[in-house]
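Sequence lines set the chain letters: A, B, ... in the order given, protein chains first and strands last, and positions in each chain run from 1.
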Amino acid sequence: MRVGGFLLRTTSLVDAPVTETQLLERASALAGVSLGDAARLVGQTTPGHLRGHKGWVGCLLETLLGATAGSADRPDFEAIGVELKTIPLRSDGQPLETTFVCSIDLLSVAHVEWRDSRVFRKLRRVLWFPVHAERHIPIAVRRLGTPFLWSPSPDQEAALRWDWEELAGLIGRGDVDDITGHFGRSLQVRPKAANSRVRRRGLDADGCAISVLPRGFYLRPAFTSRIIRDAFRSPDVETPTL
DNA sequence: GATTGATCATAC
DNA sequence: GTATGATCAATC
């Protein structure tokens, strides 16, 4: 099957990219391709809905681009230190969802430096892959947009760091159960679990071990929409295919 | 309509 | 159970 000048075989695994340029070329060849066609490239069937397949689009792109990390806490493209994030967009380019960044180790998050944090390490280099994903569009017909590489600007990093330090501080003081999704301008803390009965080790205000709902860091749409807008204003990124 | 809290599939 | 990949859906 030929897509954007690239020949992709359905019978073999895609090899891991060795350079950012190679990754971006490979990803760019998929711009404008429907999810149904993208799935067929690797012999997959598109689900009728995402309710029971919430991570399907992300996993599909990992397969198509040769991501290697699996379920390990490492970059998706280990050799080049790049993380892959698919992001669902409306026709006007606004994100439809928040973006999950990482789960939170409630016992240690307050004791690490920002630059050593899981949030920064995940976001220091990201391949964003937009997907036109309005709910009324059948999954197989939804189209991939134009992918681009991104690192946080000094302003963006400062904004993330500000929120992270506040939230990590609250968790470290034992106030995790006082945190709601309302906290944070760019980054927020929300549940990240199979269901609301799941518990994990946390700390109370006295530093004693307690059981709490697992949490994760998420990027707000207000933050990711600026990333999208900046990317498509830049001269070296083509008009988004949406 | 936007947002927060809840939830789903899968691999190990 | 822990990690990955996220979207769903009740509520504001």
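Considering only side-chain N and O atoms, A/T86 lies nowhere under 4.0 angstrom from the phosphate OP1 or OP2 of C/dG5. Taking side-chain N and O atoms only, A/K85 has a distance below 4.0 Å to OP1 or OP2 of C/dA6. Within the 4.0 Å cut-off from OP1 or OP2 of C/dA3, not a single side-chain nitrogen or oxygen of A/R118 is found. Within the structure, a side-chain polar atom (N or O) of A/R200 is placed less than 4.0 Å from OP1 or OP2 of C/dA3. Put simply, A/R51 has a side-chain N or O that comes within less than 4.0 Å of OP1 or OP2 on C/dA9. Phosphate proximity of C/dT2 to A/S103: absent, as no side-chain N or O sits under 4.0 Å from OP1 or OP2. Phosphate contact (OP1/OP2 of B/dG5, side-chain N/O of A/R197, threshold under 4.0 Å): absent.
When heavy atoms are screened at a 4.0 angstrom cut-off, A/A133 is found touching no nucleic acid atom at all. Looking at heavy-atom distances under 4.0 Å, A/G58 makes contact with sugar-phosphate atoms alone, never a base.
Taking atom CG on A/L35 and atom C1' on C/dG5, their separation rounds to 15 Å, with Å as the unit. In this structure, CD of A/E97 is placed 16 Å from P of B/dT7, rounded to the nearest angstrom. In this structure, A/L106 places its CG atom 17 Å from P of C/dG1, rounding to the nearest Å. The CG atom of A/N195 sits 14 Å away from the C1' atom of B/dA9 (whole-angstrom rounding). Spacing between atom CD1 of A/I139 and atom C1' of C/dT7 amounts to 10 Å, rounded to whole angstrom units.
The environment of CZ in A/R51 is sparse: at most 12 heavy-atom neighbours from other residues, nucleotides or ligands sit within 6.0 Å. A/W162 CH2: 12 or fewer foreign heavy atoms inside a 6.0 Å radius.
Comparing C/dA9, B/dT7, B/dT4 by their nearest atom to the side chain of A/R135 picks out C/dA9.
Between A/R173 and A/D178 there is no salt bridge, since none of the side-chain N atoms of the basic residue sits less than 4.0 Å from a carboxylate O of the acidic one.
Scanning both residues, A/R121 and A/R115, for their nearest heavy atoms gives CG-O, 4.1 Å.
In this model, no side-chain donor or acceptor of A/K192 finds a partner on the base of B/dG5 within 3.5 Å.
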